[in-house]
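The structure appears right after this line, and notes come after that.
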Amino acid sequence: MAVKPSKADKKIAYDQKLCQLLDEYTQILIAAADNVGSNQLQNIRKGLRGDSVVLMGKKHMMKRSIRLHAEKTGNQAFLNLIPLLVGNVGLIFTKGDLKEVSEEVAKYKVGAPARVGLVAPIDVIVPPGNTGLDPSQTSFFQVLNIPTKINKGTVEIITPVELIRKGDKVGSSEAALLAKLGIRPFSYGLVVLSVYDNGSVFSPEVLDLTEEDLMEKFAAGVSMVTSLSLAISYPTLAAAPHMFVNAYKNVLSVAVATEYSFPQADKVKEFLKDPSKFAVAVAPVAAADAGGGAAPPKEEEKKEEPAEESDDDMGFSLFD
């Protein structure tokens, strides 16, 4: 007969497993496991099998093992996990793509009924329509102020009604009504709260960023650096082109207002004296823009007109 391991043996085995996973994996998803059943958790483990391992446990035991392992190995990055272990959470160790693993975890959500005293994670709206209940059940609707009518011997809800708001506790009347209507308004599963990647901790929303989002944020950052550099007159790579242009404008203004001149200023002064020349210079550019950037039409090649034959042209050249 096999000897049943004691609590102390279980704690030692758990500590060894957690430390082994910390050494083997550098990517960890911290997921909330509220209202997740054992069968549902088993299905999640099967779906992630191959490059990911799901480890559940008491948060105090996790914190203790992580703290001791960080002291033993000297890797202080493990300590960044401790503030994330709040509430009923589990650790998903993975070597795969973090975004794909997070999406795979989100697939395993199971519908659940509204139980009395449960805090609603979402708003619950009862849709209009025939409920299939007999008229004797109208007391449930009257208590909750839901407008109804009797249609063909059954109770029919007239308008949609917000039965429960997000964050409110489910009452006995709401739970009973939803059960009678066969509505399972809530769905539960592992919810990724934070991501640990080789010592760095960030929100799971970062995983949804695309290359376009990154380029947009980078451009916004460059724009802010440029604005700040121009405001305090501090040269940076982003602000240098604008500073050169502004300096050129200032020098050009001085040249136009005085007798001082240089080649670029001479051209501007010429345009100021005769604006028609500027219009002529801009016209080809405007035409090209209007034509979608097409090249200006080529000048028609001059056709050679045949020489007129003289009366004494006998078919030989005068230079023969």
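Here the structure is a predicted model, which is why all the values come from computation and not from measurement.
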### Geometric class of the Y25/F93 ring pair [parallel <30°, tilted 30-60°, perpendicular >60°]
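F93 and Y25: tilted rings.
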
Do [X] and [Y] have side chains that get closer than 4.5 Å, going by heavy atoms?
| X | Y | value |
| --- | --- | --- |
| L190 | L29 | no |
| K17 | L55 | yes |
| L85 | L91 | yes |
| L84 | S194 | yes |
| V155 | D134 | no |
| M243 | L230 | yes |
| V225 | L228 | no |
| I164 | D123 | no |

### E71/R67 salt bridge by N-O under 4.0 Å criterion
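A salt bridge is absent here (no side-chain N lies under 4.0 Å from a carboxylate O).
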
### Message
Using 0.5 Å steps for rounding, measure from the CE atom of M61 to the CG atom of L18.
### Response
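Taking CE in M61 and CG in L18, the distance rounds to 10.0 Å.
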
### Distance, nearest 0.5 Å, that separates NZ of K152 from OG1 of T154
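Going from NZ on K152 over to OG1 on T154, the span is 8.5 Å.
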
### Message
Once ring-ring contact (aromatic ring centres under 6.0 Å, His included) is applied, what residue pairs with a partner in residues 174-218 remain, sequence neighbours excluded?
### Response
none

### Summary
The complete set of ring-ring contact (aromatic ring centres under 6.0 Å, His included) pairs with one or both residues in residues 54-90, sequence neighbours excluded, reads H69-F78

### Message
Quick check on the hydrophobic clustering: are Y108 and L48 connected, directly or via other members, by side-chain heavy-atom contacts under 4.5 Å?
### Response
yes

### Query
For the hydrophobic clusters of this structure (ILVMFWY residues joined by side-chain heavy atoms under 4.5 Å, transitively), does one cluster hold both L193 and I82?
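Yes, it is one cluster - the side chains of L193 and I82 are joined through contacts under 4.5 Å.
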
### Task
Mind running side chain to side chain contact (heavy atoms under 4.5 Å, CB included) on T236 and T226 for me, showing each step along the way?
CA-CA 8 Å; T236 61; T226 304; 5.8 Å; no

### For Q137, all residues meeting side-chain hydrogen bond (donor to acceptor under 3.5 Å, both in side chains), sequence neighbours excluded
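With neighbours one apart ignored, the set is K180.
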
### Task
State, without any angle test, whether N250 and S253 hold a side-chain donor-acceptor pair at a distance under 3.5 Å.
no

### Query
Just checking, any donor-acceptor pair under 3.5 angstrom between side chains of D51 and T94?
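Note: D51 and T94 side chains miss the donor-acceptor criterion.
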
### Message
How close do P147 and N145 get, counting heavy atoms only, and between which atoms?
### Response
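Closest approach of P147 to N145, heavy atoms only: CD-O, 3.6 Å.
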
